[in-house]
Each structure stands twice: as C-alpha cells, then as structure tokens.
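Working notes, beginning with the structure itself.
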There are 4 protein chains.
Amino acid sequence: MRNTAILLVSCPDRKGLVARISEFIFRHDGNILDFDQHTDLDAGVFLARAEWQLAGFSIGRDEIAQAFRPLADECAMKFEVHFGDVVPRIAIFASRQPHCLEDLLIRQRAGEFEAEIAVIIGNHAGTEEIASAFHVPFRHFPITSANKKEQERLELCELRARSVELIVLARYMQILSEDFASAYPNRIINIHHSFLPAFSGAKPYHRAFSRGVKLIGATSHYVTMDLDEGPIIEQEVVRITHRDAVEDLIRKGRDLEKMVLARAVRLHLERRVLTYGNRTVVFD
Amino acid sequence: MRNTAILLVSCPDRKGLVARISEFIFRHDGNILDFDQHTDLDAGVFLARAEWQLAGFSIGRDEIAQAFRPLADECAMKFEVHFGDVVPRIAIFASRQPHCLEDLLIRQRAGEFEAEIAVIIGNHAGTEEIASAFHVPFRHFPITSANKKEQERLELCELRARSVELIVLARYMQILSEDFASAYPNRIINIHHSFLPAFSGAKPYHRAFSRGVKLIGATSHYVTMDLDEGPIIEQEVVRITHRDAVEDLIRKGRDLEKMVLARAVRLHLERRVLTYGNRTVVFD
Amino acid sequence: MRNTAILLVSCPDRKGLVARISEFIFRHDGNILDFDQHTDLDAGVFLARAEWQLAGFSIGRDEIAQAFRPLADECAMKFEVHFGDVVPRIAIFASRQPHCLEDLLIRQRAGEFEAEIAVIIGNHAGTEEIASAFHVPFRHFPITSANKKEQERLELCELRARSVELIVLARYMQILSEDFASAYPNRIINIHHSFLPAFSGAKPYHRAFSRGVKLIGATSHYVTMDLDEGPIIEQEVVRITHRDAVEDLIRKGRDLEKMVLARAVRLHLERRVLTYGNRTVVFD
Amino acid sequence: MRNTAILLVSCPDRKGLVARISEFIFRHDGNILDFDQHTDLDAGVFLARAEWQLAGFSIGRDEIAQAFRPLADECAMKFEVHFGDVVPRIAIFASRQPHCLEDLLIRQRAGEFEAEIAVIIGNHAGTEEIASAFHVPFRHFPITSANKKEQERLELCELRARSVELIVLARYMQILSEDFASAYPNRIINIHHSFLPAFSGAKPYHRAFSRGVKLIGATSHYVTMDLDEGPIIEQEVVRITHRDAVEDLIRKGRDLEKMVLARAVRLHLERRVLTYGNRTVVFD
C-alpha cells in the first residue's frame with residue numbers, strides 16, 4: 001500500500017503531452033515513481049500512466065482531479081485519478097467450478113493484490129461453503145431464462161449497496177445481459193478457457209481436443225456486449241500432447257485459468273490497464 | 001545416421017499388439033532402441049513406432065515388410081517400414097519471403113536433420129540466388145489462375161523425376177489444388193503464421209494485431225483438401241505487447257515460423273509423426 | 001482410478017527386453033494401455049513403464065510380482081508393481097509459508113491426483129488451521145538443533161504408523177538429516193525456489209535479483225543426502241523484468257513453486273518417474 | 001529508420017526528473033514518441049530513455065548534447081544521445097561454429113535490425129566463406145597463448161580503423177583479455193550457452209545433461225572482466241526430456257543461442273539497454 005496517486009490518461013496524440021503531464025506533477029512537488037507512456041502512431045492515440053508520491057504534494061487528494069481538468073480539457077483527455085492506498089472493493093461471480101474463486105481468495109489473503117472481496121455471487125449454492133471459509137458474504141442468485149432480467153436487477157442493487165467497483169467472473173457460466181454489461185464498462189473481467197479468438201463460445205477444451213492442437217490457452221478480457229470479443233488483458237498457453245485426453249486438457253487448463261485471471265485482476269487493480277478501441281495497453 | 005529399421009503401425013486396438021510387434025522384432029534378433037505406443041481408448045485406435053538395430057537382424061531389409069504382413073493383415077494394421085540410414089529426398093516450395101527457406105537450408109547443412117534437398121520450387125524467381133548459394137537445383141514455376149493446372153502438372157513431373165517423398169511449403173503463398181494435395185497425402189508440410197485455428201486464412205498478423213491478442217503463434221501441419229485444416233504437427237507462441245506494431249509481429253513471427261516448421265520437418269523425417277482422423281501422434 | 005497394473009523396470013540393456021516384458025503381460029491376457037521405454041545407450045541402461053488392464057488378467061494381484069521375478073532375475077531387473085486403483089498415502093511437510101500446502105490440498109480435493117493426505121507435519125503451528133479446514137490430521141514437530149534427532153525419530157514413527165509412502169516437502173524450511181532422507185529413498189519430493197543448479201541453498205530470489213537474471217525458476221526433485229542435488233523431476237521458469245523487485249520475484253515464484261511441485265507429485269503418484277544415477281526418466 | 005533523437009539517462013533519484021527531461025524536449029518543439037523510465041528505490045537510481053521526433057526540433061543534432069549538459073550536470077546525470085537514422089557499425093567475432101554468425105547476417109540482410117556489419121573477425125579461417133557470401137570483410141586472427149596480446153592489439157586497430165562501436169561475440173571461443181574488454185565497456189555482447197548463473201564456464205550442455213535438468217537455456221550479456229558474470233541482457237529456455245542426448249541439447253540450444261543473441265543485439269542497437277551496477281534495464 002503506497003501513499004501515491006495514479007493518473008491514467010488517453011487522448012489524441014500531440015506534442016508536449018509527456019512534458020505537460022509531468023510538469024503538472026512536478027510543479028506541485030510530486031515525485032514520480034513510474035511514468036509509462038505509449039503512442040499508437042497509426043491510431044493517433046496517446047496513453048499514459050503516472051504514479052507519484054503524495055507525501056509533500058501540494059494539492060489535496062480531493063482537489064487533484066479538479067486541478068488537472070484544465071489541462072485535460074485543453075488536450076481532450078479522458079483521465080482517471082486513483083490512490084495507491086485506497087483498497088478497491090470487488091465482487092466475484094462463480095458457478096459450479098470453484099478453482100478460480102478459491103485461487104482469488106487465497107491470493108487476496110496472501111496479499112498478492114490489494115482488494116476487499118465485498119461479496120461472492122453464485123448462481124449455484126455450492127460455492128457458499130467456500131465463501132464462508134474465507135469469511136466473505138455470499139449471495140445466491142439462481143438464474144433461469146424466466147428470471148434473468150429480475151435477478152440481474154437485484155444483483156446490480158447488491159453491487160451498488162456494497163460499492164463494488166470491479167466484477168470478476170471466475171468461471172461464471174451465465175452470459176450477462178447487455179444492460180448488465182454496460183453498467184460496468186471495462187470493469188467486468190472474464191476468464192475464457194481458450195486462446196481467443198480460437199474456440200470462443202462453448203466447450204473450448206473439447207473443441208481444442210477435436211482439432212488436435214498442440215497448445216491450449218486461457219484468456220482474460222473485459223466483458224463487452226459481444227461475447228468473448230472484449231479487450232484482451234492477458235493470455236497464456238501450455239503444451240499438450242497426444243497423450244492428453246479432454247480431462248487432461250481441463251486439468252491443465254485450470255492452472256492457466258487461475259493464473260491468467262489473477263494476473264488480469266492484479267493489473268487492473270494496480271491501474272495498469274488502459275483500453276482504446278478494442279485493445280488494451282498494459283503498463284506492467 | 002543409424003543402421004536401424006523403423007516400423008510405424010496404426011490399427012484398431014486389441015489385446016497383445018505391443019507383445020506381438022515386439023516379439024516379431026525379437027524373434028528375428030533385433031534390438032529395440034525405441035518403442036513408443038499410444039492408445040486412443042475413445043477412438044479405439046492403437047498407434048506405435050518401433051526402432052531397432054539392424055545389425056544381426058535375421059531378415060534382409062527388402063523382406064521385412066513382407067515378413068511383417070501376415071501379422072499386419074491379421075490385426076488390420078496400416079504400417080510403414082523405414083530405415084535410419086536412408087536419406088529422404090525433399091522439395092522446398094518458396095515464394096518471396098526467404099526466411100523459412102534459408103533456415104531449412106542452413107539446418108540441413110548443419111546436419112540438424114537427415115535429408116537431401118532435391119529441388120527448390122519457386123513461384124517467384126527471387127529465391128533462385130539462395131538456392132544457388134546452397135548448390136540446390138531451382139525450378140521456377142510462376143502461377144496464374146490461367147496456368148495453375150498445367151504448372152502443377154509440371155511440378156508433379158519434376159517431383160517424381162527427382163524421387164521426392166516430402167514437400168515442404170516454406171511460406172509458399174499459393175494454394176495447392178486438391179489434385180496436387182491428394183498426390184502427397186500426409187507428405188506435404190505447411191507452416192501457417194498463426195496459432196491455428198485462430199486466424200486461419202490471409203493476413204493473420206494483421207488480424208492478430210487488430211484483435212489485440214497478447215501472444216502470437218505459428219502452426220505446422222499436413223496439407224489436406226481443406227485450407228489450414230490439416231493435422232497439426234507442431235505449434236509455438238511468443239509474447240507480444242502493446243508496443244509491438246504489425247511489423248514487430250511479423251518480425252517476431254518469423255522466428256516462430258522457422259522453428260515450428262523445422263521441428264515438424266525433423267519429426268516427419270525421423271518418422272515420429274502418425275496421423276489418425278485429423279490428429280497427429282508425435283512420438284518425440 | 002483404473003483397474004490396472006503398472007510395472008516399472010530398470011536394468012542393463014540387452015536384446016528382447018520389450019518383447020519379453022510385453023509377452024509376459026500378453027501371455028496372461030493383459031491388455032497394455034501404455035508402454036513407455038527408454039534406453040540410455042551411453043549408460044547401457046534400459047528403463048520401462050507398462051500399464052495394463054487387470055480385467056481378464058490371469059494372475060492375481062498378489063502373485064504378479066512373484067510371477068514376474070524369474071524374468072526379472074534373469075535380466076538383472078529392478079522392478080516395482082503398482083495398481084491404478086490403490087490410493088497412495090502421502091504426508092505433507094510445511095513451515096510458515098502455506099501456498100504449496102494449500103495448493104496441494106485444493107488439487108487433491110479437486111481430484112487432480114489420487115492420494116490420501118494422511119497427515120500434515122509442521123515445524124510451526126501456523127498451518128494447523130489450514131489442515132483443519134481440509135479435515136487432515138496435523139502434527140506439530142518444532143525443530144531446534146538440540147531436538148532435531150529426536151523429533152525426526154518421532155516423525156518417522158508417525159509416518160510409519162500412518163503407512164505413508166510419499167513425503168512432500170511443501171516449502172518445508174528444515175534440512176532433513178541423512179538418516180531421515182535415507183529412510184525414504186526417491187520417496188521424498190522437495191520444491192526448491194530456483195532453477196537448479198542456479199541459486200541452490202538459501203535465499204534464491206534475493207540472489208536472482210542481485211544477479212539480474214531475466215527469468216526465475218522452480219525445481220522439484222527427490223531429496224538425497226546432498227542438499228538441492230537430488231534427481232530433478234520437473235522445472236519451470238517465468239519471465240521477470242527490471243520492474244520486478246524481490247517481492248515481485250517471490251510472488252511470481254509462488255506460482256511456479258505450486259505448479260512444479262504439483263506436477264512432480266502427480267507424476268510420482270502415477271508411477272511415471274524412474275531414476276537412474278542422479279537423473280530421472282519421466283514417462284508423461 | 002526514424003528521424004529521431006534518443007536520450008539515455010541515469011542518475012541519482014530526485015524529484016522532477018521526468019518533468020525536467022520532458023520539458024527540455026518539449027521546450028525545443030520535440031514530439032516524444034516513447035518515454036520510458038525506471039526508478040530503483042532501493043538503489044536510489046533513476047534511469048530513463050526518451051525518443052522524440054527531430055522534425056521541427058529547434059536544436060541541431062550536434063548541439064543537443066551541449067544544450068542538455070547544464071541539466072545533466074545539475075542532476076549528476078550520465079547520458080548519451082543517439083539518432084534513429086544513424087546506422088551503427090558492428091563487428092562480429094566468430095570461431096568454428098557458424099550458426100550465430102549466419103543468423104545475424106541473415107537478420108541484418110532481412111532488415112531486422114539497423115546496423116552495418118563492418119567486419120567479421122575469426123580465430124579460425126573456416127567462417128571466411130560465410131563472410132564472403134554476405135559480402136562482409138573477413139579478418140583472420142588466430143590466437144595462441146603466445147600471440148594473444150599482440151593479436152588483440154591488432155584487432156583493436158582493425159576495430160578502430162573501421163569505426164566499430166559494438167562487438168558481438170557469436171559463439172567466439174576465446175576469452176578476451178581484461179585490456180580488450182575494458183576498451184569497449186558495455187559494448188561487447190556475448191552469448192553463453194546456458195541459463196546463467198547455472199553452468200558458467202566450459203561445456204555447459206554436457207554439464208546440463210549430467211545434472212539432469214529439464215530445461216536448458218542461453219544468456220546474452222555484456223562482457224566484463226569477470227567471465228560470464230557481466231550484466232545480463234536477455235535469457236531464454238527450452239524444455240528437454242530424458243530422450244534428449246547431449247547432441248540434442250546442443251541442437252536445441254542453437255535455436256536459443258541465435259534468438260537470445262539476436263534479441264540482445266537488436267535491443268542494444270535500438271538503445272533500449274541501460275546498465276547500473278551489474279544489472280540491465282531493458283526498455284522494450
């Protein structure tokens with residue numbers, strides 16, 4: 001937990017952006033710890049992440065965004081300000097398979113990322129015991145085609161009541177409605193158990209087996225209206241051989257899913273992920 | 001170069017196959033160096049590769065297949081017999097990009113695989129200089145939609161005249177006709193510059209860039225009637241970041257293409273690849 | 001859980017070994033599912049693993065070893081017979097860091113490997129809570145230089161009383177005495193948090209950081225008299241950058257340690273690991 | 001080839017460094033394309049790389065260093081200025097094994113990195129033919145213990161006469177003297193055929209085989225007085241199995257060596273590598 005401010009910026013590229021952002025920080029006595037920047041010349045987009053120490057910074061936390069706004073407006077910047085010592089509140093959605101849920105809970109307990117797990121939401125009751133073992137509230141929202149709209153409305157209430165800012169789909173097997181997805185743009189992270197765009201949709205391990213691939217993968221991405229099509233945050237693969245049956249793919253894939261989802265959550269929580277178009281910039 | 005025989009077998013699974021194959025070798029005083037076997041229980045298929053020393057073997061080379069046939073017939077085996085000291089003759093097809101061609105030539109010269117490169121066939125004249133530097137015959141077959149059928153016929157003549165048994169498509173940018181492909185079943189190896197089945201077809205690096213993937217791949221496979229759909233022999237990936245433009249993907253991908261194609265060629269030449277259905281078994 | 005027998009063999013190389021082993025199985029009506037074999041020509045050593053279905057096998061389980069012994073004696077074979085449906089009993093040794101312990105417990109519960117975790121032995125009391133959450137007996141053996149000999153004696157009693165056949169050191173921070181280690185030859189698996197032989201001994205992550213390596217690793221191996229020198233079962237690495245501080249290496253390394261240890265335990269329990277000299281053969 | 005300036009800076013950490021460096025560029029109408037920065041808080045060291053477009057920059061190329069010096073002096077900076085369109089001149093040293101040499105020549109010809117290969121220096125005559133095929137001057141300096149001092153002196157003359165700024169040891173099997181190494185600090189790149197610090201020194205593949213490791217590696221590093229101890233630029237590994245004999249390790253290792261050396265050369269030539277202590281920062 002660091003007493004720092006983190007500024008995320010994206011805007012049309014132009015001269016002097018690095019200088020003006022860093023000058024803003026320096027002028028108010030901030031010491032920059034990390035400055036990352038990327039320019040996509042083809043798209044004409046500038047993206048940056050700056051983290052600086054707040055000790056001695058001459059602007060109060062609540063006034064930073066306001067103080068930065070004139071520069072942002074001038075340069076047509078979208079920007080966010082975060083603080084290194086504010087613990088974000090997240091919700092984990094789970095279904096029957098517990099491995100990603102357990103993995104996130106253990107990592108959180110071990111301090112691998114800074115977050116409070118505000119609630120676990122399950123469409124099956126089976127993961128309640130795990131939630132309980134980790135002393136995290138569990139809410140059961142069984143979903144049918146008939147009740148989906150209403151259940152999602154209740155879930156949103158639950159999330160708002162608990163001030164959740166990030167939703168993690170930990171092998172959650174329900175497809176979110178467009179309404180739900182659009183309520184948390186770039187703030188819902190899913191793990192898909194294939195190397196996207198290969199094997200999007202259902203039963204990727206079975207289809208990977210049928211195709212006879214020699215590597216299987218997992219992909220974490222932000223959820224958008226288009227299933228399995230959102231901006232990719234992280235991917236990883238592992239080698240398989242002809243000796244691996246579908247069950248072996250599923251077993252080996254679990255390790256990938258856990259790691260790839262955990263990395264994406266950590267990167268998001270450390271405010272290292274920016275999106276533009278359907279792409280991410282990951283300042284790791 | 002080893003004075004060995006290599007037997008490749010595939011057949012319906014049944015009891016005693018390992019015993020009967022190895023007994024055949026042992027009875028004639030062969031010393032088995034490698035015995036690999038795989039049973040796909042779901043498909044009910046048995047596949048095996050045996051390599052044994054010919055020194056002291058009581059059957060002459062030319063009689064081995066015949067001596068093995070009664071057992072093969074009884075068990076409905078498909079089988080091949082190869083010899084470790086027979087140098088296979090291969091043809092490399094190339095277009096404008098030389099990296100895979102050069103790579104194979106250098107590896108062959110370095111002794112990484114045993115093969116005689118009988119001919120290089122190009123649909124552009126530009127690789128002739130490379131062929132010449134390595135003292136390999138070059139034949140130029142420019143392809144248009146009008147002359148394709150005729151040119152392929154001439155290519156087949158060329159291949160037969162040179163006793164070519166394996167064709168390697170080293171980033172060859174023409175699609176082979178069904179007639180051509182079916183003349184060399186499981187004996188044409190292609191390199192596709194993506195992690196199949198993602199980005200099959202044209203311009204995979206551009207599409208990988210657009211999709212914003214975090215890893216790119218390459219795939220070597222046997223050519224079948226269906227473009228980019230043949231049995232996969234080998235795949236590999238490499239990590240990319242938001243800093244990589246399309247040209248960087250192309251550059252990083254070249255290393256993958258070279259390695260993945262070379263591995264597949266080597267595995268094939270060592271008779272380590274069997275196919276069944278649309279899958280390969282790779283006994284490496 | 002499969003109703004199978006597994007035979008592990010190592011012996012001086014000679015003609016006919018594959019044939020005679022498989023013929024033994026076939027003659028008694030066993031159907032071989034997997035036959036793996038490796039010959040180290042330089043060392044003159046033959047190693048093999050055969051797994052066959054027991055349904056219809058004409059020898060009872062208890063008589064298989066005896067029936068095989070004449071062949072084994074003739075060929076100077078060392079051999080073991082195992083059964084696919086016998087659940088091995090293992091002990092996990094842990095110290096303060098719980099991640100490998102938790103990981104093994106979760107994998108066992110998820111059915112990733114077949115074993116009964118008979119007891120968790122800790123030199124600190126802190127992991128008792130984890131043991132309890134998974135309903136596994138916990139025994140606390142604090143170690144000092146004064147009491148080590150006596151404590152190890154008691155640990156051995158505990159292990160024997162519980163019929164433990166495999167010991168897993170899950171980041172256990174005590175060095176086992178030679179007496180202890182020699183009581184379980186090739187049956188104690190350790191995880192070392194470096195890519196051995198680099199950074200054997202203490203504080204490998206700190207030393208990796210100091211040396212400025214670009215990859216860090218983890219190594220699972222059998223414990224022998226020589227610290228960190230036993231036969232290696234599995235290794236893996238992960239990329240790091242200049243942005244990673246020692247704490248990041250420790251965090252990233254945890255994922256390696258968990259995976260590499262779990263893979264080694266699974267391979268051992270499936271009887272896929274043979275040793276000769278200071279090397280392993282892993283039939284995976 | 002880009003009409004850009006590249007500034008590399010390292011200095012004691014203090015407030016405002018990013019701001020003042022970027023302000024220097026902005027004030028003179030430079031458009032920053034890339035700004036990378038790293039602060040090692042423990043060591044108290046700040047390192048940065050800035051690349052900006054020279055079109056419209058108000059300072060002439062020859063005056064940039066002088067204009068920057070007051071700021072540099074004030075902050076105790078070490079700095080270098082490079083230009084994206086100046087082609088560096090490099091020398092490649094080779095011995096008997098040609099694979100790294102050929103690989104670099106092919107990559108240079110393919111435009112993978114911008115450099116003129118000014119001369120190839122061999123202690124054996126065997127690589128002259130390769131040099132000739134690529135139209136690169138070759139100089140033969142056979143080394144014995146008796147003539148080493150004199151030969152190195154002549155080599156240095158050769159390098160100076162050809163304005164070489166980077167030396168690449170492409171599996172060059174002679175150890176450079178301290179005098180020679182100190183003439184090109186951080187400007188001699190070596191490839192060592194192991195995952196350093198494991199198996200430093202002679203015959204690493206043989207020793208890797210003996211130890212029974214499951215992965216082998218290669219390491220590129222700057223040459224210092226201490227053999228195989230210089231700052232590491234890049235490392236990579238590949239999986240091996242019990243089936244791989246020493247010759248297979250050598251063959252698989254060649255692919256690593258080629259890739260790892262080529263990556264290091266490219267990173268250096270793009271001015272992406274800074275060193276401090278015995279470590280590198282690689283802004284890729």
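Protein chains get the first letters and strands the later ones, always in sequence-line order, with residue 1 at the start of each.
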**Item:** Inter-residue atom distance C:T39.OG1 - B:I32.CD1, 0.5 Å rounding
**Value:** 9.0 Å

**Asked** Considering only heavy atoms, which portion of B:L41 lies under 4.5 Å from any heavy atom of chain C: side chain, backbone, both, or neither?
**Response** side chain

**Prompt:** Where along residues 15-22 of chain C does a heavy atom come under 4.5 Å of chain B, listed by residue number?
**Reply:** C:K15, C:G16, C:V18, C:A19, C:R20, C:S22

**Asked** Looking at CZ of B:F46 and CG of C:L33, how far apart are the two atoms once the value is rounded to the nearest 0.5 Å?
**Response** 11.0 Å

**Complete:** If one checks every heavy atom of C:D13 against chain B at 4.5 Å, the contacting part turns out to be side chain

**Asked** Does anything in residues 52-68 of chain B pair up under salt bridge (Lys or Arg N to Asp or Glu O under 4.0 Å), and if so which pairs, sequence neighbours excluded?
**Response** B:R61-B:D85

**Message:** Shorter than 4.5 Å, heavy atoms on both sides: which option in B:F24, B:F26, B:W52 has the most such pairs with chain C?
**Reply:** B:F26

